[in-house]
Amino acid sequence: MGTMTRGPVLRGIIGFAVPLTLANALQQGYLLVDSLLVGRYVGTQALAAVGATQPVFYLMNAMFIGVSMAFTIRLAHLTGAERSGEVRSVARALLLFTVVWSAGCLVFAMAGAGLLFSAMGIQNPVAGEAERYFQFLSLGFPAVFGIAAISAYLRGLGDSRGAFWILGLSSVLNVGLAWLLVGPADMGLRGVALATAASASMAGAGGIVYARRRHALALPAEGSSPRRELTAALRLGMPLATQHVALSLGIMVLVWVIQPFGPSALAAFTVVGRIELFTSMAFLDLSGALAAFVAQNLGAEQHERITRALRKLVVLGLALSILVSLVLLLGRTGIAAIFSDDALVRQLIERYIVITYPFFALYAIMVIVHGCLNGYQRTTVPLVCTIVAFVLVQVPVAYLLSGPFGISGVMSAAVIGWAVGLAYSLVAARRHFILSAPPSLGF
């Protein structure tokens with residue numbers, strides 16, 4: 001098991017985050033490749049269908065990740081406190097949650113996805129393609145959520161390298177299978193979905209073997225029962241999951257705002273959504289690494305290390321975000337040209353980059369602060385921040401500005417939301433870290 005309770009703070013966090021960033025780079029890379037393959041081989045309408053399913057899958061996946069993050073925090077506490085005998089109970093609880101969640105999402109995809117697309121204002125033929133694509137994608141839900149659970153387990157034990165190999169294997173397989181099924185096999189959107197399901201299944205099988213051999217899951221269970229661990233994880237993880245619910249519902253409203261501008265606008269937002277995920281992954285991984293760092297050092301009662309780590313990571317995040325913004329702004333024409341031959345789609349992608357990425361540092365610093373709050377078990381603060389900044393500010397402003405300013409108004413609303421979110425997060429962090437005593441070790 002890895003520990004971050006000793007040694008240089010920044011080296012420990014970066015050493016933990018880099019394997020996860022590499023894994024997520026591969027994951028976001030295959031999402032970008034999917035968009036490229038769909039845009040080039042299948043067409044703008046199919047790319048719009050993928051964009052329609054994006055917030056629905058994000059809702060399912062993000063809620064799962066929110067709760068699994070609670071398991072990661074719990075495992076990190078146990079690692080920092082050197083209470084390895086309780087790990088098996090946490091692993092069993094995580095397995096139970098994964099099985100139940102996968103089954104529920106599979107049933108919903110088969111029975112209720114069409115109604116949700118209709119409520120979002122998606123019309124045929126895009127709606128029909130979106131529903132068929134999502135149903136094929138749902139066949140891989142047990143494997144997709146399974147590898148996310150294995151990653152959460154390994155990260156909680158400090159083994160980010162193991163998580164990298166599992167997630168990376170899934171991504172590489174996905175790229176190869178997607179090209180094969182969409183290109184030579186000419187299976188269209190069905191091929192993209194089946195590639196995701198097959199690659200996740202193979203990587204998940206490898207992940208189970210690795211976790212059993214590397215981390216000795218046969219250790220006797222001690223301490224609390226799996227049921228108690230599951231209840232505690234749900235209690236801690238629900239604010240994280242609810243935060244992602246708010247995000248996904250807001251994204252669905254944005255799709256409703258955007259879709260009157262036509263399939264080209266929806267296709268462009270599909271691409272820029274993937275670009276945002278790709279460029280934000282390093283900061284999200286630093287945030288996740290900081291959460292694990294804080295949880296471990298709380299377990300070891302090393303509070304001064306936490307303060308130093310947050311300060312150093314904010315400076316690093318600011319520098320990296322400026323670099324990312326410059327790369328996107330200077331290369332925006334070539335980036336847009338990669339994804340579509342549609343001139344309007346390319347124009348909208350470039351416009352979004354010009355409007356939003358000069359202010360990307362606002363988002364980067366906000367998510368780093370959220371990582372520290374999550375590690376402190378203050379998971380309600382990022383939830384409230386999301387509701388305020390995204391649900392109450394960005395989405396309504398996007399709607400209001402879409403009338404007088406068109407699609408550019410929708411884009412500008414993202415910057416306003418980031419600014420409000422960062423301001424709220426800094427105020428909340430100051431209050432919790434200075435006016436509040438550190439929380440207790442256990443749930």
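Note that the structure is predicted; figures quoted are calculated from it, not measured. Hydrogens, waters and symmetry mates play no part in the numbers below; they use all other heavy atoms, side chains included.
- The CG atom of Leu323 lies 10.0 Å from the CG atom of Leu328; values are rounded to the nearest 0.5 Å.
- Closest approach of Ser321 to Ala361, counting heavy atoms only: OG-CB, 3.2 Å.
- Residues Val415 and Thr356 share a closest heavy-atom pair of CG2-CA, 3.8 Å.
- Here CD1 of Ile338 is found 6.5 Å from CD1 of Ile335. Values are rounded to the nearest 0.5 Å.
- The closest donor-acceptor contact from the side chain of Ser170 to the backbone of Leu167 lies at 3.5 Å or more, if one exists at all.
- The two residues Ala428 and Val381 come nearest to each other via the heavy atoms CB-CG1, 3.3 Å.
- Contact of the Leu290 side chain with the Leu286 side chain is not registered, since no non-hydrogen atoms from C-beta on lie closer than 4.5 Å.
- Without hydrogens or angle criteria, Thr72 side chain to Arg155 main chain gives no donor-acceptor distance under 3.5 Å.
- Few gaps surround CZ on Phe108; more than 12 heavy atoms of other groups in view lie less than 6.0 Å from it.
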Query raised in the report: How far apart are the C-alpha atoms of Thr279 and Tyr357, what are their side-chain angles, what is the distance that settles it, and do they pass the side-chain hydrogen bond (donor to acceptor under 3.5 Å, both in side chains) test?
Result: CA-CA 10 Å; Thr279 54; Tyr357 273 89; 2.8 Å; yes

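- The distance from atom CE of Met202 to atom CG of Leu173, rounded to the nearest 0.5 Å, is 4.5 Å.
- Aromatic ring centres of Phe283 and Phe360 lie closer together than 6.0 Å.
- For CZ of Arg311, the number of neighbouring non-hydrogen atoms (other residues, nucleotides, ligands) closer than 6.0 Å is 12 at most.
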Query raised in the report: Does the side-chain contact (heavy atoms from CB on, under 4.5 Å) test come out yes or no for Phe71 and Thr98, once each step is laid out?
Result: CA-CA 12 Å; Phe71 286 102; Thr98 303; over 6 Å; no

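- Distance check: Phe64 CZ to Ser68 OG gives 5.0 Å after rounding to the nearest 0.5 Å.
- Minimum interatomic distance between Ala203 and Ile147 (heavy atoms only, all atoms of both residues): C-CG2, 4.0 Å.
- With rounding to the nearest 0.5 Å, the separation of OG in Ser325 from CZ in Phe359 is 10.0 Å.
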Report task. Kindly indicate, with the supporting measurements, whether the criterion side-chain contact (heavy atoms from CB on, under 4.5 Å) is fulfilled by Val410 and Leu401. Result -> CA-CA 6 Å; Val410 179; Leu401 295 183; over 6 Å; no

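- At least one side-chain heavy atom of Ile407 sits under 4.5 Å from a side-chain heavy atom of Phe269.
- Of all heavy-atom pairs spanning Arg332 and Glu350, the tightest one is O-CG, 3.7 Å.
- Nearest heavy-atom pair, Val257 versus Ala398, reported as atom, atom and distance to 0.1 Å: CG1-O, 4.3 Å.
- Looking at Ser201, its side chain never comes within 3.5 Å of a backbone N or O of Ala143 through a donor-acceptor pair.
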Report task. Evaluate side-chain contact (heavy atoms from CB on, under 4.5 Å) for Leu383 paired with His370, printing each intermediate quantity in order. Result -> CA-CA 10 Å; Leu383 165 62; His370 286 180; over 6 Å; no

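- Of the inter-residue distances, the one linking Thr386 atom OG1 with Gln394 atom CD reads 11.0 Å to the nearest 0.5 angstrom.
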Query - Verdict with supporting geometry, Phe141 and Trp101, side-chain contact (heavy atoms from CB on, under 4.5 Å) - result: CA-CA 9 Å; Phe141 281 172; Trp101 185 260; over 6 Å; no

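- Of the possible polar contacts, one joining the Asn297 side chain to the Phe293 backbone as a donor-acceptor pair under 3.5 Å is found.
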